[in-house]
Amino acid sequence: MDRITSLNELTAVLKQKSKKYKIAVACGHDSNTINALAEAAKNNFALPILVGKKNIIINIIKENDLNENLFQIIDEQDDIKALNIALEMVKNDDADIFMKGLIGTDKFLQAVLHKEKGLMQPKAVMSYVCAVEVPKYHKLLFITDTAVLPYPDLEQKIAMLKYSVNMAKQFGIEKPKVALIGSSEKASQKDTYSTDYSVMCKMVDRKQLPDCIIDGPLDVFLACDRESVEIKGVPTPVNGDADVLLFPSLEACNSFYKGLMLFAGGELAGLIQGTTKPVVVMSRSESEKSKYYCVALACLMSEK
């Protein structure tokens, strides 16, 4: 597979495939979601199944001058029932992807996490990885964890590494460069993440983790800017050319990615990790374009 270096390339790859992925949307009566799915359907890689308030869905379709035939619509006025219908479709292989519509994230994730009816892999860690495209960086950046784990312990960091490396490899990156991010490149016993990072680097050396180039702690400059590596004179195999940035806390990672979105013109595609099927969870305030890219990412990851 050729390397995918942008989110537009991601959608181009999916357009070339003959497969259309069925996407079950819980409470699909949301304008941005419907428009994003319409674009994916028009590009022949998605079959949207909107479970929710049909009257609102039809109005949105008409207001945006969309083709109703692009969608399968299941009328359910009760949000919790709509959530459960969509979830059951994915659980029973009647759909490939589970997507959040106009329903609270807490209720949606409770359904995903349900011990019997949910979509978590046995004993898996739930995490989140996103592919971010920033005009000033020469390739996509895979960032974790932007949404789920507040202060990941070693086991959770290992899961984050596995998920992000796996996603990067789905984009055609044979041996991803992983930067374990800290405020400085100087390891310290005072920082729990420094100890965790040392263990992870040794585990990669001994082939206990997926094949990748790894180093840390590194600050963002050493991870993503070759000139900074030369100026600081810090020898690192990542060498300012990171594919993956793994952060020590949700607070650091979430602030970083939102800064890229707001100030650097970034676009993203992200997915919940640790599930049996791709799960798309986005804020109601996310743009139509970001939701479109998330749908495309979910379709790509359905191939694994």
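In this text the structure is predicted, and so the values were computed from the model without any measurement.
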Does any part of the side chain of [Y], heavy atoms only, come nearer than 4.5 Å to the side chain of [X], both counted from C-beta?
{"X": "L119", "Y": "I272", "value": "no"}
{"X": "Y293", "Y": "L268", "value": "no"}
{"X": "P278", "Y": "D96", "value": "no"}
{"X": "Q273", "Y": "T144", "value": "no"}
{"X": "K169", "Y": "D211", "value": "yes"}
{"X": "L149", "Y": "V125", "value": "yes"}
{"X": "I158", "Y": "M200", "value": "yes"}
{"X": "Q72", "Y": "L47", "value": "no"}

Identify the heavy atoms of [X] and [Y] that sit nearest to each other, and give their distance.
{"X": "N8", "Y": "T11", "value": "O-OG1, 2.8 Å"}
{"X": "M261", "Y": "E267", "value": "CE-N, 3.9 Å"}
{"X": "S249", "Y": "P152", "value": "CA-CD, 4.1 Å"}
{"X": "C224", "Y": "A242", "value": "SG-CB, 4.4 Å"}
{"X": "G274", "Y": "A124", "value": "O-CB, 3.5 Å"}
{"X": "V280", "Y": "C294", "value": "CG1-CB, 3.9 Å"}

- request: Among residues two or more places apart or on two chains, list those pairs meeting ring pair (Phe, Tyr, Trp, His ring centres under 6.0 Å) that have a residue in residues 129-149.
  value: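 Non-adjacent pairs meeting ring pair (Phe, Tyr, Trp, His ring centres under 6.0 Å): F142-F171.
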Pairs where residues 53-94 contributes a residue and the test ring pair (Phe, Tyr, Trp, His ring centres under 6.0 Å) is met, not counting sequence neighbours: none
query: Do side-chain atoms of T33 reach the backbone of H29 as a donor and acceptor pair under 3.5 angstrom?
result: no
Do the side chains of [X] and [Y] join up, straight or via other hydrophobic residues, at under 4.5 Å, putting them in one cluster?
{"X": "I49", "Y": "M282", "result": "no"}
{"X": "F45", "Y": "M301", "result": "yes"}
{"X": "V199", "Y": "I213", "result": "no"}
{"X": "V234", "Y": "V178", "result": "no"}
{"X": "L113", "Y": "M99", "result": "yes"}

query: Restricting to pairs with a member in residues 223-244, which pass salt bridge (Lys or Arg N to Asp or Glu O under 4.0 Å), not counting sequence neighbours?
result: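 Sorted pair list: R3-D243, K139-D241, K139-D243, K177-D241, E185-K232, D219-K232, R226-D241.
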task: Applying side-chain contact (heavy atoms from CB on, under 4.5 Å) between I143 and each of V244, L260, I181, L246, report the one that passes.
output: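 The passing option is L260.
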- line: Which of D215, I214, L245, L218 passes side-chain contact (heavy atoms from CB on, under 4.5 Å) with L180? It is I214
Would you be so kind as to tabulate the donor-acceptor pairs closer than 3.5 Å made by side chains of residues 51-65, with sequence neighbours excluded?
from	atom 1	to	atom 2	distance (Å)
N55	OD1	Q77	NE2	3.4
N59	ND2	N55	O	3.2
N64	OD1	N35	ND2	3.3
N64	ND2	I60	O	2.8

task: List in chain and number order the residues that pass salt bridge (charged side-chain N to carboxylate O under 4.0 Å, His left out) with K277, two or more places apart in sequence or in another chain; answer none if no residue qualifies.
output: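 With neighbours one apart ignored, the set is D93.
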field: Any residue meeting ring-ring contact (aromatic ring centres under 6.0 Å, His included) with Y193, in chain and number order, not counting sequence neighbours
entry: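 Per chain and number, Y193 pairs via ring-ring contact (aromatic ring centres under 6.0 Å, His included) with Y197.
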task: Identify, with sequence neighbours excluded, every residue that meets ring-ring contact (aromatic ring centres under 6.0 Å, His included) alongside F108.
output: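 For F108 the ring-ring contact (aromatic ring centres under 6.0 Å, His included) partners, ignoring immediate neighbours, are F98.
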Would you compute the distance between atom [atom1] of [X] and atom [atom2] of [Y] and round it to the nearest 0.5 angstrom?
{"X": "S302", "Y": "Q170", "atom1": "OG", "atom2": "CD", "answer": "10.0 Å"}
{"X": "S31", "Y": "L102", "atom1": "OG", "atom2": "CG", "answer": "10.5 Å"}
{"X": "C130", "Y": "M167", "atom1": "SG", "atom2": "CE", "answer": "8.0 Å"}
{"X": "K91", "Y": "E116", "atom1": "NZ", "atom2": "CD", "answer": "9.0 Å"}

message: Using the rule given for side-chain contact (heavy atoms from CB on, under 4.5 Å), can you reason through K15 versus N44, listing the C-alpha separation, both sets of side-chain angles and the distance that settles it, and then say yes or no?
response: CA-CA 6 Å; K15 290 176 191 178; N44 294 315; over 6 Å; no
Please set out all donor-acceptor pairs under 3.5 angstrom arising from side-chain atoms of residues 78-88, sequence neighbours excluded.
from	atom 1	to	atom 2	distance (Å)
D78	OD1	I80	N	3.1
D78	OD1	K81	N	2.9
N84	ND2	I80	O	3.3

Under the side-chain contact (heavy atoms from CB on, under 4.5 Å) rule, collect the residues that match up with [X], sequence neighbours excluded.
{"X": "S184", "answer": "K186"}
{"X": "V229", "answer": "L222, T236, N239"}
{"X": "E39", "answer": "K42, N43, Y292"}

Would you give me the side-chain donor-acceptor pairs under 3.5 Å for residues 250-257, sequence neighbours excluded?
from	atom 1	to	atom 2	distance (Å)
N254	OD1	K258	NZ	3.1
N254	ND2	T146	O	2.9
S255	OG	E251	O	2.9

